[in-house]
2 protein chains.
Amino acid sequence: MDLSEAVACCSPLVAEPLSAEHSVELARVFKAMGDPVRLRLLSLIASHAGGEACVCDLTDVFDLTGATISHHLKVLREAGLISGERRGTWVYYRVRPDLLARLSAVLVPGSAIRDAAVAR
Amino acid sequence: MDLSEAVACCSPLVAEPLSAEHSVELARVFKAMGDPVRLRLLSLIASHAGGEACVCDLTDVFDLTGATISHHLKVLREAGLISGERRGTWVYYRVRPDLLARLSAVLVPGSAIRDAAVAR
DNA sequence: TTAGTACTTAGATGGCTGTCAAGCTAGACG
DNA sequence: CGTCTAGCTTGACAGCCATCTAAGTACTAA
């Protein structure tokens, strides 16, 4: 099962018990967000001008080696939370707002209505 | 800094870069949700009749010892996601929807407006 | 009080994970 | 070509974590 797909079809947590399969996929996404460095990376990328950020912009913020930042970006990428693209020398990352919105919807009841409102 | 407090005052991820302090507190909550068993526990409790569930109801669902379930419930409790109360022989847990709503708001832009709408 | 049920805590253990150093690949520029 | 910069991968290691067994606590019932 694809990750974003799994998240997309999950009902709100309060609506019905999560299936074992869905819980595994959902947990993978939350686990990816369960690290301070990765959360900051996510918000740095999301809030950066143009909606994207170069890895060099991100590395300077932390007191960590490039290898570690690269590792965290990979975790976020494999969770479907960000996507990366090489343009010349640099690699740019951007968040995937659709997945964030779906995650957000899973956390609160009545999300279907709210999602429709957001789509408008 | 209190956990729920930290989550409450976090702006949406896309609005501005998360501070190092906020990211640590937020990550603790997401980390608690980053496990399939804990996610299922959360949804079992949230979707249970009356908004609360006894530990014995939860233990039967999984192929795990009571000690392990107890451990996961403790993690969820320390993250501020659930609260437990003993009534007689049994212990009942319920979710704290306020924290879930705030978490949800952190994930999407324009949450302040949407929160106001939800509150009505 | 004794026995029994419902959790919780403590300790142990195997597996996972965040981090770094070192090495590697991809592109830019002579 | 060679060299420089940006980023990724690998391998290693210390610390964390999910799980179990065994023991402890809290309440009920006879």
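The structure displayed is predicted, hence computed values, not measured ones. Note that these values count all heavy atoms, side chains included, but never hydrogens, waters or copies made by symmetry.
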Heavy-atom closest contact (B:A32 atom, B:L81 atom, distance):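 Distance-wise, the nearest heavy atoms are CB-CD1, 4.2 Å.
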
Under 4.0 Å protein heavy-atom contacts per nucleotide of nucleotides 1-17 of chain C, with B for base, S for backbone only and - for none: -----SSBB-------S

Could you tell me which residues satisfy side chain to side chain contact (heavy atoms under 4.5 Å, CB included) with [X], sequence neighbours excluded, listed by chain and number?
X: B:S83; result: B:R94, B:R96
X: A:A67; result: A:T65
X: B:T59; result: B:V55, B:I69
X: A:C54; result: A:C56, A:D57, A:W90, A:Y92

Qualifying salt bridge (Lys or Arg N to Asp or Glu O under 4.0 Å) pairs with a residue from residues 29-43 of chain B, counting only residues at least two apart or across chains: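 Listed once each, the pairs would be none.
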
Contact boundaries on DNA chain D for chain A, cut-off under 4.0 Å to non-hydrogen atoms: D:dA6 to D:dT9

A:V14: hydrophobic cluster co-members (side-chain, 4.5 Å): none

Pairing residues for B:R86 by the side-chain hydrogen bond (donor to acceptor under 3.5 Å, both in side chains) criterion, not counting sequence neighbours: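 Residues passing side-chain hydrogen bond (donor to acceptor under 3.5 Å, both in side chains) with B:R86: none at all.
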
Residue met sooner reading DNA chain C from 5', once A:R87 and A:V75 are mapped to nucleotides: A:V75

